[in-house]
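Excluded from the calculations below are hydrogen atoms, water molecules and symmetry mates; all remaining heavy atoms, backbone and side chain alike, are included. Every chain is numbered from 1, with letters handed out A, B, ... down the list of sequences.
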Protein chains: 2
Amino acid sequence: MVDKESPLPMYYQIEEDIKKRIDEGLFEAGKPIPSERELSEQYEVSRMTVRQAISNMVRNRLLYREKGRGTFVAEKKFEQPLEGVTSFSEDMKRRGLSPHNELLLFEKRKPDETTGELLGLEAEDVYYLKRIRYADGEPMAVEETFIPVRLFPELTEKIFEEMSFYEYIETKTDVSIHRARQTIEAGIAEKEEAEPLAIEEGAAILQIERIGYLTTGVPFERNISTYRSDRYKFISDMYRN
Amino acid sequence: MVDKESPLPMYYQIEEDIKKRIDEGLFEAGKPIPSERELSEQYEVSRMTVRQAISNMVRNRLLYREKGRGTFVAEKKFEQPLEGVTSFSEDMKRRGLSPHNELLLFEKRKPDETTGELLGLEAEDVYYLKRIRYADGEPMAVEETFIPVRLFPELTEKIFEEMSFYEYIETKTDVSIHRARQTIEAGIAEKEEAEPLAIEEGAAILQIERIGYLTTGVPFERNISTYRSDRYKFISDMYRN
DNA sequence: GTTATATAGTTGTCTATACCAATTTTCACT
DNA sequence: AGTGAAAATTGGTATAGACAACTATATAAC
C-alpha cells in the first residue's frame with residue numbers, strides 16, 4: 001500500500017494510493033472516503049500526515065471536505081485538464097501530436113522598442129529566434145521568440161534543437177517560471193506568414209503573444225506565435241473566481 | 001499583532017498580518033521574510049501554525065518557498081489580473097468599457113446534435129439566445145447561447161435585459177458556477193457574421209466557444225461568440241503548474 | 001588565494017496529542 | 001410514530017517536539 005522505507009514522502013504515497021482507489025472505483029464520485037482517523041490507522045501514519053495528503057488533493061480539486069460530514073470525491077475533472085502556461089512542445093504532446101522544429105534564425109540583437117519595453121530592458125541584447133513549428137510533420141505555426149541575454153548567458157542553438165526552452169529552464173538553471181500573460185487575436189495571412197505555413201494569402205491565422213515571467217517577477221521571454229487556423233484551436237480550462 | 005482570544009483562527013490572523021507587513025513595505029518583494037521559527041516566536045504560536053499561514057499564502061502565490069534558503073515575497077501580481085471565467089459584461093467592465101445588448105432571438109427549442117452532446121442532454125429543450133454585444137455603443141460580437149431549460153425553468157427575456165446571466169445564477173439561484181472550457185479559433189467573416197458586426201466579408205474574426213459547468217459537474221451553457229478582430233483581443237493570465 | 005570541511009540556519013516531513021465546531025446517529029421519552 | 005436531548009463521528013485548529021534535506025557561511029587545511 002505505502003512503503004515507510006521509500007524515499008518518497010508518506011503523504012505523497014498516500015495521495016497516489018487514494019487516487020488509485022478512486023480510479024479503481026473503490027471510492028466513488030460524490031461519496032465520502034474513509035475518515036482521516038480511519039485512514040491514519042489503515043496507512044499506519046499520524047492523522048496530520050493523512051491531512052497533508054488530503055489537503056493537497058483538495059487543492060487540486062480531486063476531493064472536497066465538509067466539516068462534520070466527511071471528505072468526498074469530487075466529480076471527475078476534465079479527462080485531460082488544459083490549464084497553465086505551456087510551451088509549444090508541451091502543448092502538442094498533450095494533444096497527442098509529435099512536435100518538431102525548423103530553426104530559421106538564431107542571433108543576438110538589440111531589441112525593438114516594443115520588445116524592450118515589454119521585457120523591461122535598457123540597452124541590453126536579446127536572443128532572437130525564428131522557428132517553424134511542426135506537429136506530426138505538418139507546419140503548424142511560425143514563432144518568434146525574444147529572450148534577454150543577461151538572464152541566460154549560456155544559451156546556444158544546440159539547446160533549442162535538443163530540448164524545449166521551458167524544460168531547459170526548469171532542469172538546467174536555478175530560476176523558475178511563474179506566470180504568463182497571453183494575448184490572442186485573429187488575423188489575415190500576409191505573404192510573410194502564408195509562405196512558411198504553406199497556406200494561401202488571405203487565410204485566417206491565430207496570433208498568440210505570450211510574455212513570460214519568472215518567480216522573481218522578471219520577464220524572461222516574449223513569444224509571438226502565428227498558427228494555421230485550420231489546424232489549431234487554442235483550448236483552455238478556466239475556473240470561476 | 002494577533003489576538004489569541006479572537007474567534008478568528010490564529011493562522012488566518014497571521015496571514016493578514018504578513019500581508020499588512022508586505023503592503024507597508026516591511027517585507028519587500030524578492031526578499032526573504034523571517035524564518036518560520038522566528039515568526040513562531042514573534043507571534044507566540046507553534047511553528048506548524050505559522051507554516052499553515054505561510055502555506056496558504058504560497059498557494060495564493062503571495063509568497064514562495066525555497067528549501068534551505070527561506071520564504072520569499074513574490075513580485076506583485078499583474079496590476080489587474082485577467083483570470084478566470086467571465087461573462088461578456090464582466091469582461092467589458094474590467095476593460096473599462098460599457099457593455100450593452102441587442103437581443104435578436106429568445107426561444108425554447110430542441111438542441112442540435114452537437115449542443116445536445118456537449119450539454120449532456122437527451123430529448124430536452126434548451127433556451128436559445130442570439131444577441132449582438134456592444135461595447136461603448138460599438139458592435140463587438142455576436143453571441144449564441146444554449147442553456148438547458150431544466151436547470152433554470154424560470155428564465156425570461158426580461159432577466160437577460162436586466163442583468164448578466166452569471167450574475168443571475170450567483171444571486172438568484174442556489175447553484176454556482178465552477179469552471180469552463182474555452183476553445184478559441186480564427187476565422188473569416190461570412191455574410192452572416194459580417195452584417196451584424198458591421199465589417200466587410202473576408203475580414204478576420206475571433207470565435208470563442210465556452211462550455212460552462214456548475215460545481216456539481218453539470219454543464220449549464222454553451223456559448224459561441226464571434227468577435228470583431230479589429231476591436232477585440234482575448235487576454236488571459238496563466239500560471240505555470 | 002583556493003579548496004575542503006564543519007557548522008549553523010532554513011524549509012520539508014512526521015509524530016502523538018488535545019480540544020473545538022459542525023453534523024449525524026442513537027436512544028430515551030412522550 | 002414523533003420529538004428532543006445526548007453521544008459519537010467528522011473535519012478544523014493548535015501544540016511541542018524531532019529528524020531529514022538542503023543552503024549559505026564560517027573555518028581550517030593546503
message: I want to check one thing: is the phosphate of dT15(D), taken as OP1 and OP2, less than 4.0 Å away from some side-chain N or O of Lys4(B)?
response: yes
message: What's the closest nucleotide to the side chain of Thr49(A) if the choices are dC14(C), dT10(D), dT15(D)?
response: dC14(C)
- request: Check the distance between dA18(D)'s P and Met10(A)'s CE and give it to me in whole angstrom.
  value: 22 Å
Interatomic distance where CD belongs to Gln52(A) and P belongs to dA14(D) [whole Å]: 17 Å
field: Phe234(A) and Tyr227(A) aromatic centres sub-6.0 Å
entry: no
message: Looking at dT9(D), I'd like to know if its phosphate oxygens (OP1 or OP2) sit under 4.0 Å from a side-chain N or O belonging to Ser35(A).
response: no
- line: In whole angstroms, the gap separating P of dG17(D) from CD of Glu41(B) amounts to 12 Å
message: Rounded to whole Å, please give me the gap between CD in Glu15(A) and P in dC14(C).
response: 11 Å
query: For DNA chain D, whose closest nucleotide is more 5', that of Val50(B) or that of Arg37(B)?
result: Val50(B)
Separation of atom CD in Glu36(A) from atom P in dT13(D), rounded to whole Å: 11 Å
field: Side chain of Lys67(A) - closest among dC14(C), dA14(D), dA21(C)
entry: dA21(C)
- request: Output the single nucleotide from dT11(C), dA14(D), dC14(C) whose closest atom is nearest the side chain of Arg51(B).
  value: dT11(C)
- line: Picking from dG11(D), dT23(C), dT13(D), the nucleotide nearest the side-chain atoms of Arg65(A) would be dG11(D)
task: Among Ile147(A), Leu151(A), Leu119(A), find the residue that satisfies the side-chain contact (heavy atoms from CB on, under 4.5 Å) test when tested with Phe220(A).
output: Leu151(A)
query: Please give, in whole Å, the distance from dA14(D) P to Tyr11(B) OH?
result: 7 Å
query: Considering only dG12(D), dT24(C), dG12(C), which nucleotide approaches the side chain of Arg69(A) most closely?
result: dT24(C)
message: So Thr145(B) and Tyr128(B), do their side chains get closer than 4.5 Å, heavy atoms only?
response: no
field: Phe152(B) ring center within less than 6.0 Å of Phe165(B) ring center
entry: yes
message: Taking OH in Tyr64(A) as the centre, count heavy atoms belonging to other residues, nucleotides or ligands within less than 6.0 Å. Is the count above 12?
response: yes
message: In whole Å, I'd like the distance from the CE atom of Met57(A) to the P atom of dG11(D).
response: 14 Å
task: When you get a sec, tell me which of dT13(C), dA14(D), dT10(C) is the closest nucleotide to the side chain of Glu38(B)?
output: dT10(C)
field: Options dG12(D), dA16(C), dT15(D), nucleotide nearest the side-chain atoms of Ser46(A)
entry: dA16(C)
field: Glu44(A) or Arg47(A), whichever maps to the more 5' nucleotide of DNA chain C
entry: Glu44(A)
query: Relative to the 5' end of DNA chain C, which residue comes earlier, Ile33(B) or Met48(B), by the nucleotide with the nearest heavy atom?
result: Ile33(B)
message: Output the rounded distance in Å from OH (Tyr43(A)) to P (dT13(C)).
response: 18 Å
